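These notes are about the structure you will find just below.
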Amino acid sequence: MTALWTLLRNRRRSDLGRAAPVAVVLASSGSPISETAIDRASSLADGGATAVVSIARVHGSAFGLPNPGLLPTRREREEQRAIVAAAIEGLAHRHLEADGHVIVTRNAGLAIARLARARGASHVVLQASPQGRFRRLLEGDPARALRRGLGPHVALVLVTPQTESVHPNLA
């Protein structure tokens, strides 16, 4: 477990593209990753490696001056690390190799798409939290940004608490 924490703590943005290729990216926009999403990712990986990523959101607008109060707190980062660690442990129980990332960004969808393209994934399984219209307007829809950012050969599998849907990218 110590090696996992070292991996999660010492990972930098420039390291994301240098990591080994994966079959599936299991992503969360900040909510805990469900067993359904882990099962779906393990079935799509088919024995291949999996990357787990969770987003710690930066609040505020990109047009304002930098303000350290808009960054996620230490507790929020630890929560995201715990989410990633739990998902990696769930994949390890299914005998899959996995590594994890916590990305701090304003735009979750584009950050996940950038990681998936850099790692050469063929599928992205997104654990989406249920959002109302107003919250989606303020924070954006990560699934929509993912569909725009992924290449034409990457399929997006959206797992929500109510249902699961598969969206092949036709961009």
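What you see is a predicted model, and the numbers here were worked out from it, not measured in a lab. Note: hydrogens, waters and symmetry copies are ignored here, and every other heavy atom, side chains too, is used.
- With values rounded to the nearest 0.5 angstrom, L158 atom CG is found 5.5 Å from L126 atom CG.
- Contact annotation: the side chain of V125 never approaches that of Q127 to less than 4.5 Å [non-hydrogen atoms, C-beta and beyond].
- Side-chain contact between R119 and D99: present, with at least one pair of heavy atoms (C-beta onward) separated by less than 4.5 Å.
- Taking OG1 from T73 and CD from E79, the interatomic distance works out to 7.0 Å, rounded to the nearest 0.5 Å.
- The line from CZ of R75 to CD of Q80 is 12.5 Å long, rounded to the nearest 0.5 Å.
- Side chains of S42 and T50 form no contact here, defined as non-hydrogen atoms less than 4.5 Å apart.
- For the pair V154/S122, no side-chain contact is recorded, criterion being any heavy-atom separation below 4.5 Å from C-beta on.
- Distance check: R114 CZ to L110 CG gives 7.0 Å after rounding to the nearest 0.5 Å.
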Donor-acceptor contacts under 3.5 Å from residues 23-32 side chains, at least two apart:
from : atom 1 : to  : atom 2 : distance (Å)
S28  : OG     : G30 : N      : 3.2
S28  : OG     : S31 : N      : 3.1
S28  : OG     : S31 : O      : 2.4

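- Remark: side-chain polar atoms of R117 are paired, donor with acceptor, to backbone N or O of G149 under 3.5 angstrom.
- Atom CZ of R57 sits about 13.0 Å away from atom CD1 of I103, to the nearest 0.5 Å.
- Atom NE2 of H93 sits about 12.0 Å away from atom CD1 of I88, to the nearest 0.5 Å.
- Salt bridge present: R81 and E78 bring a charged side-chain N and a carboxylate O closer than 4.0 Å.
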